[in-house]
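A quick write-up on the structure given underneath.
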Amino acid sequence: VDRLEQRFADAAAANPGFAGQQVVVGERFEPGRSVVRSGNDVRARFFADLGFETPTEIGGVTPDEFGEIVVSDELMGELSRDLLVWNVGF
């Protein structure tokens with residue numbers, strides 16, 4: 001685990017431009033409803049460990065108890081950040 005954490009730290013140090021950039025990690029579950037992963041989700045933590053910042057809210061919607069921010073189609077424009085990572089597989 002220590003080696004892996006060091007590799008993330010090394011990658012973040014080698015890419016200082018990642019620091020402070022906002023990333024949205026999301027996926028669509030059903031028509032009209034997408035989910036954005038917040039800081040306690042492993043997919044969001046992957047990017048946070050590289051120096052990116054994950055949102056604490058989207059269009060005024062905050063994470064639920066699972067760290068998911070449910071985003072309706074009307075709020076999709078709020079996903080526009082420095083980096084959008086869209087999960088399309090299971």
Side-chain angles (χ1 to χ4, degrees):
V1 172
D2 290 339
R3 274 185 35 204
L4 181 60
E5 289 176 350
Q6 185 59 53
R7 289 179 69 187
F8 271 94
D10 292 346
N15 296 280
F18 292 168
Q21 297 290 306
Q22 291 209 349
V23 62
V24 168
V25 180
E27 60 191 281
R28 190 155 185 95
F29 278 129
E30 58 191 46
R33 180 175 177 253
S34 296
V35 173
V36 170
R37 305 297 177 178
S38 68
N40 68 339
D41 182 89
V42 68
R43 290 158 283 204
R45 284 183 26 220
F46 175 91
F47 291 96
D49 287 348
L50 292 172
F52 289 93
E53 295 177 2
T54 57
T56 56
E57 58 88 22
I58 298 287
V61 180
T62 56
D64 63 15
E65 66 273 14
F66 305 107
E68 298 177 345
I69 303 172
V70 178
V71 179
S72 65
D73 284 349
E74 293 80 20
L75 293 176
M76 291 298 281
E78 298 291 324
L79 302 184
S80 181
R81 306 294 167 106
D82 299 307
L83 177 63
L84 174 62
V85 177
W86 202 254
N87 183 16
V88 294
F90 294 96

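- The hydrophobic cluster containing Leu83 also contains Phe18, counting ILVMFWY residues as joined when their side-chain heavy atoms lie under 4.5 angstrom apart, directly or transitively.
- Environment of CZ in Arg33: crowded, with over 12 heavy atoms of neighbouring residues, nucleotides or ligands closer than 6.0 Å.
- Each of Val42 and Val88 belongs to its own hydrophobic cluster when Ile, Leu, Val, Met, Phe, Trp and Tyr are linked at side-chain heavy-atom distances under 4.5 angstrom.
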All N/O donor-acceptor pairs, side-chain side in residues 46-62, below 3.5 Å, sequence neighbours left out:
| unit_1 | atom_1 | unit_2 | atom_2 | d |
| --- | --- | --- | --- | --- |
| Glu57 | OE1 | Gly59 | N | 3.3 |
| Glu57 | OE1 | Gly60 | N | 2.6 |

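- Val24 and Val85 fall into different hydrophobic clusters, defined by Ile, Leu, Val, Met, Phe, Trp and Tyr side-chain heavy atoms under 4.5 Å apart, directly or through other members.
- Between Glu78 and Val71, the closest side-chain pair of non-hydrogen atoms is not below 4.5 Å.
- Residue pairs meeting the salt bridge (Lys or Arg N to Asp or Glu O under 4.0 Å) criterion with at least one member in residues 62-74, sequence neighbours excluded, are Arg28-Asp73, Arg37-Glu68.
- Linking ILVMFWY residues whenever their side-chain heavy atoms come closer than 4.5 Å, directly or via other members, places Val36 and Leu84 in the same cluster.
- Counting side-chain heavy-atom gaps under 4.5 Å among Ile, Leu, Val, Met, Phe, Trp and Tyr, Phe66 is found in no cluster with other residues.
- In this structure, OG on Ser38 lies 10.5 Å from CZ on Arg43, to the nearest 0.5 angstrom.
- One side chain, Asp10 or Gln6, offers a donor N or O that lies under 3.5 Å from an acceptor on the other.
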